[in-house]
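Letters go in sequence order (proteins before strands), and every chain restarts at 1. What you see below is based on every heavy atom in this structure, not just the backbone, and it leaves out hydrogens, waters and symmetry mates.
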Amino acid sequence: MLEIKNLHANAGDEPILRGIDLEIAAGEVHAVMGPNGSGKSTLSNILAGRPGYSVTDGEVLYSGQDLTQIEPEDRAREGIFLAFQYPVEIPGVSNNYFLKASVNAVRAHRGEPELDAMEFLTLSQEKMKIVDMPTDLMNRSINEGFSGGEKKRNEVLQMLLLEPKLSILDETDSGLDIDALRVVAQGVNSLRSPERAMLVITHYQRLLDYIVPDHVHVLSGGRIVRSGGKELALELEEKGYGWIEETNA
Amino acid sequence: MTSAERRSISGWLEASARITERGDALPALREARLQSVTALSEQGLPTRRQESWKYTSLAEIAKIEWSAPADPGEDVLSLPSTPLSRQAGLKAGLVDGQFVSDAESSDGAGARFESMAKVRTSESVHVNDLEVLGQVADPKLHFFTALNTALVRDGVCLEIDRDAQITSPLHLSITDSKSEALSCPRLAVRARAGSRSTLVIEHLTPGDGPRLSAFVSEVIVEPQAELDLVLVQRGGAESFLASNLYAQQEQHGQLRVHTLTLGGRLVRNEVVSVLSGQGAAVDLRGLFIGSDERHIDHQTTIDHAVSHCTSRELYKGVLGDSSRGVFCGRIIVRPDAQKTDSQQSNPNLLLGERAEINTQPQLEIYADDVRCSHGSTIGRLDPEALFYLRSRAIGPEAARAMLTRGFAQEIVDSIPQHVDRTEIETLIVEALAAATSRDSS
Ligand SMILES: Nc1ncnc2c1ncn2[C@@H]1O[C@H](COP(=O)(O)OP(=O)(O)OP(=O)(O)O)[C@@H](O)[C@H]1O
Ligand SMILES: [Mg+2]
C-alpha cells in the first residue's frame with residue numbers, strides 16, 4: 001500500500017529526514033517511536049501533503065502512485081488520513097458542518113450519494129458513541145476550546161467517519177487519560193481490517209498494549225535505526241533510546 | 001470645489017429652497033433644514049483633506065448629475081417583498097422616498113409605522129409628538145446628514161409602545177430604484193420605556209444604473225428599553241450608499257446595531273451613539289464584505305456622557321480583489337463618565353492581493369476610573385486551518401469559503417434569533433462568494 005524509499009525531506013529549509021525506507025502492506029499496523037525532534041511528525045506531514053515540507057530525494061508510492069504529486073485533498077479522498085499531533089482550532093465553523101462536508105467530499109469521490117443532514121446525524125452519532133464523545137462537541141466550532149483529550153477524540157471520530165485506507169496517527173495518545181486511551185484505541189481497532197493499514201506514532205508502549213502493532217520502528221535523527229516486532233517497544237521502554245544508539249555504535 | 005461639485009451643490013440648494021417655499025411637509029425639520037443649507041453651501045462636498053474623509057473620496061459622486069428627490073407621489077404603492085420581510089411582523093417601506101405600509105399589519109400589537117409627512121389624524125401619533133425627528137441628528141456634523149435634511153420629503157417614524165415585547169421583527173425596506181437619482185430616506189424611532197423589539201432595515205437598489213442614497217436615522221431608546229437594529233445594505237455595483245445613524249440611550253436603555261454591508265460601489269456609514277443615561281449600553285456590530293473596487297467606510301462615535309455605561313464594538317471586514325475598507329472608531333468618555341466600560345475591536349480578513357483596510361481607534365478619555373480597550377487586526381486566511389480542511393478531503397476553494405464564512409459567523413450569531421438567519425446567511429454567502437471568486441491566496 002505504501003512504499004517509502006530512501007526518503008530525504010526538508011521541513012522548511014532544514015533537512016530532517018535522511019533516508020527512510022519503509023513498506024506498509026494492507027492489513028498491517030506499524031508503530032513508529034523515537035525521541036523528540038527525530039522527524040516523526042515530519043514524516044507524517046510529508047505523507048499528508050502539508051505545505052512547508054518538501055521531498056529532496058527518494059520516493060513515496062501510495063498504491064503505486066507517486067504520492068508527492070497529489071494534492072492534500074486528493075490524498076484524503078484516496079484514503080489517506082492524518083490524525084494531527086496538534087489539531088487546529090477553527091472559530092466560526094461548526095464541527096458538524098465541517099465533518100459533513102468532509103464525509104460528503106469523500107463519498108462524492110467514491111461515487112456514492114451525499115448524505116443529507118439526517119443521514120449524517122445518524123452516522124455521526126453512531127461513531128461518536130464509539131469514541132465516547134459528548135454530542136454538544138458537534139455544534140461547537142472545530143476544536144475551539146476543546147480540551148486536549150477532546151481534540152484527540154475528534155481526530156479519531158474523523159477517522160471513523162472517513163474510513164481511510166491508510167491512517168497515520170501522530171501521537172493521538174498523548175494528552176489522553178487512561179480511560180480515554182482505551183476508548184481511542186478501541187476506535188482505532190474497530191477500523192483494523194485486511195484492507196486497511198495504520199502508522200501509529202507514539203512515545204508510549206502503553207498504547208501498543210491496546211493497538212498491537214505488527215512492526216515497530218525507531219526513528220532517530222531522520223533515519224529508521226531499528227525495526228522489530230512488538231517486543232521492540234517493550235525493550236525500548238525498559239532500556240531507553242540510549243540503548244539503541246549504543247548497540248548501533 | 002470643482003465646477004461639477006459646485007453644480008451639484010447649487011442644484012441641491014435650489015431644490016431645498018423649493019421645498020421650504022411651497023410649505024414644508026416636515027415642519028419638525030424647519031430649523032435643521034436651514035442649518036443644512038448653510039452647511040452645504042459653506043462646506044460643499046467633503047474633501048480628503050478633512051480628517052474623517054482622508055481615505056474616502058466623493059469625487060465620483062460629483063461626476064453624475066443626480067436628480068433631486070421628487071414630491072412623494074399620490075399612487076398607492078405596494079410593499080416590495082424582500083428576503084427578510086417574509087418572516088417579519090409589522091412592515092413598512094420607503095420606495096423612492098414614498099412611504100408605503102402594509103395595510104394588513106400597519107398597526108400591529110405594540111408598535112406602529114407612520115409616514116412623517118402624513119397629516120396628523122386624531123387617533124395616530126404624529127412624528128412631532130415623538131420628539132425624535134430633527135432632535136438627535138446634527139446636520140452640521142456630517143455631509144450626508146445635511147444633504148438628507150435639506151432634501152428629505154417624507155420618511156418613516158416608528159413608535160414602540162411602553163413595555164411592548166415584540167417578538168416578530170419589525171421590518172423597513174428602503175428601495176431606491178431610479179437611476180441617477182438622489183434619495184434621502186429618513187427614519188425616526190422612539191423605543192418607549194421597557195419595550196423590547198427588533199427592527200430590520202433592508203436597503204436595496206434594484207435595477208441598473210448609479211444611485212445616491214443618503215439615509216439618516218434618529219433613534220431614542222428610553223429607560224430600560226431594548227432595541228436591536230439590523231441594517232442590511234445591498235446596493236448595486238454602481239450605488240453610493242450612506243447611512244448615518246444617531247442614537248441616544250437613556251438609563252439602562254440598550255441598543256444593538258448589526259450592520260451588514262454586502263454591496264454598493266461606495267458605502268459610508270456614520271454611527272453616533274450618545275449614552276446619556278446611567279446603565280445604558282450600546283453594542284455596534286458590523287460585517288462588511290468588499291469585492292471588485294468597492295469601498296466601505298465606517299465611522300463610529302460612542303459618547304459616554306454619564307457614568308456606568310457600557311459600549312461594545314465589533315466590526316469585521318472581509319475584503320477581496322481591490323476593495324478597500326475604512327474603520328474609524330471614536331470613543332469619548334466625558335469627565336463625569338466614571339465606571340465606563342468600553343471595548344472596541346476591528347479584525348479584518350484581506351483576501352485580495354490589492355485589498356486594503358485603514359483602521360484607527362480614536363480615544364478621548366477625560367475620566368480616570370474607566371476600562372477601555374481596543375484592537376484591530378489585519379490578516380489573511382490561516383494556512384494551518386486551510387491545510388487541516390484540505391487534509392479532510394475538502395477542496396481548496398470550499399475550504400477557503402468555509403474559513404471566510406467562519407470569520408463572519410460571529411456577527412451572524414449575535415443577530416436576534418427571531419430574524420430569518422437562514423436568509424441572512426444566504427445573503428452573506430453570496431457576498432462572500434463575490435469577494436473570494438478572484439482570490440488566489
Ligand atoms: N518548518 C520547519 N522549519 C525548520 N525546522 C522544522 C520545521 N518543522 C519542524 N522542524 C524541525 O524538524 C525537527 C523534527 O520535527 P518533528 O516535528 O518531525 O519531530 P517529532 O519527531 O515529531 O518530535 P515530537 O516527538 O516532539 O513530536 C525538529 O528539530 C523541528 O524543530
Ligand atoms: Mg511530533
Checklist entry - Out of A:Ala76, A:Ala48, A:Pro91, which one racks up the most heavy-atom pairs below 4.5 Å with chain B? => result A:Ala76

Item to check | Part of A:Ile142 lying under 4.5 Å from any heavy atom of chain B | outcome: side chain

Next on the checklist: As an exercise, state the distance from CD of A:Glu71 to OG of B:Ser391, rounded to the nearest 0.5 Å.
Outcome noted: 13.0 Å

Checklist entry - To the nearest 0.5 Å, what is the distance between OG (A:Ser141) and CD (B:Gln409)? => result 8.0 Å

Next on the checklist: Is there a side-chain contact between B:Asp382 and A:Ile90 in this structure, where contact means two heavy atoms from C-beta onward sitting under 4.5 Å apart?
Outcome noted: no

Checklist entry - Is it the side chain or the backbone of B:Glu410 that comes within 4.5 Å of chain A heavy atoms, both, or neither? => result neither

Checklist entry - Looking only at heavy atoms, what is the nearest atom pair of B:Phe387 and A:Pro51, with distance? => result CD1-CD, 3.6 Å

Checklist entry - To the nearest 0.5 Å, how far apart are CZ in B:Arg390 and OG in A:Ser102? => result 14.0 Å

Checklist entry - Do B:Arg392 and A:Glu73 sit within salt-bridge range, that is, some charged N less than 4.0 Å from a carboxylate O? => result no

Item to check | Nearest heavy atoms of B:Ala393 and A:Ala105, plus distance in Å | outcome: O-CB, 3.2 Å

Next on the checklist: For the interface with chain A, which of B:Ala408, B:Ala399, B:Gly395, B:Ala398 has the highest count of heavy-atom pairs at distances below 4.5 Å?
Outcome noted: B:Gly395

Checklist entry - When the aromatic ring centroids of A:Tyr86 and B:Tyr388 are compared, is their separation below 6.0 Å? => result no

Next on the checklist: Within the supplied structure, the quantity of interest is the number of heavy atoms (other residues, nucleotides, ligands) at a distance under 6.0 Å from B:Arg256 CZ; does it exceed 12?
Outcome noted: yes

Item to check | Contacting region of A:Asn104 [heavy-atom separation from chain B under 4.5 Å] | outcome: neither

Checklist entry - Considering only heavy atoms, which portion of A:Arg77 lies under 4.5 Å from any heavy atom of chain B: side chain, backbone, both, or neither? => result both

Next on the checklist: Tell me if the CG atom of A:Asp13 is crowded by more than 12 foreign heavy atoms within 6.0 Å.
Outcome noted: no

Checklist entry - Counting heavy atoms not belonging to B:Arg86, are there more than 12 under 6.0 Å from its CZ? => result yes

Checklist entry - Any idea which heavy atoms bring A:Val93 and B:Gly406 closest together, and the distance? => result CG2-CA, 3.8 Å

Checklist entry - Does the side chain of A:Arg50 come within less than 4.5 Å of B:Glu384's, by heavy atoms? => result yes

Checklist outcome for this item: Tightest non-hydrogen contact, residues B:Ile394 and A:Ala101, listed as CD1-CB, 4.1 Å

Checklist entry - Within a reach of under 6.0 Å around CD of A:Glu119, are more than 12 heavy atoms found that belong to other residues, nucleotides or ligands? => result yes

Item to check | Toward chain A, the part of B:Pro383 with a non-hydrogen atom under 4.5 Å | outcome: neither

Checklist entry - Do other residues, nucleotides or ligands put more than 12 heavy atoms under 6.0 Å from A:Arg110 CZ? => result yes

Checklist entry - Does the cation-pi check pass for B:Arg405 over A:Tyr97, that is, NZ or CZ under 6.0 Å from the six-membered ring centre and within 45° of its axis? => result yes

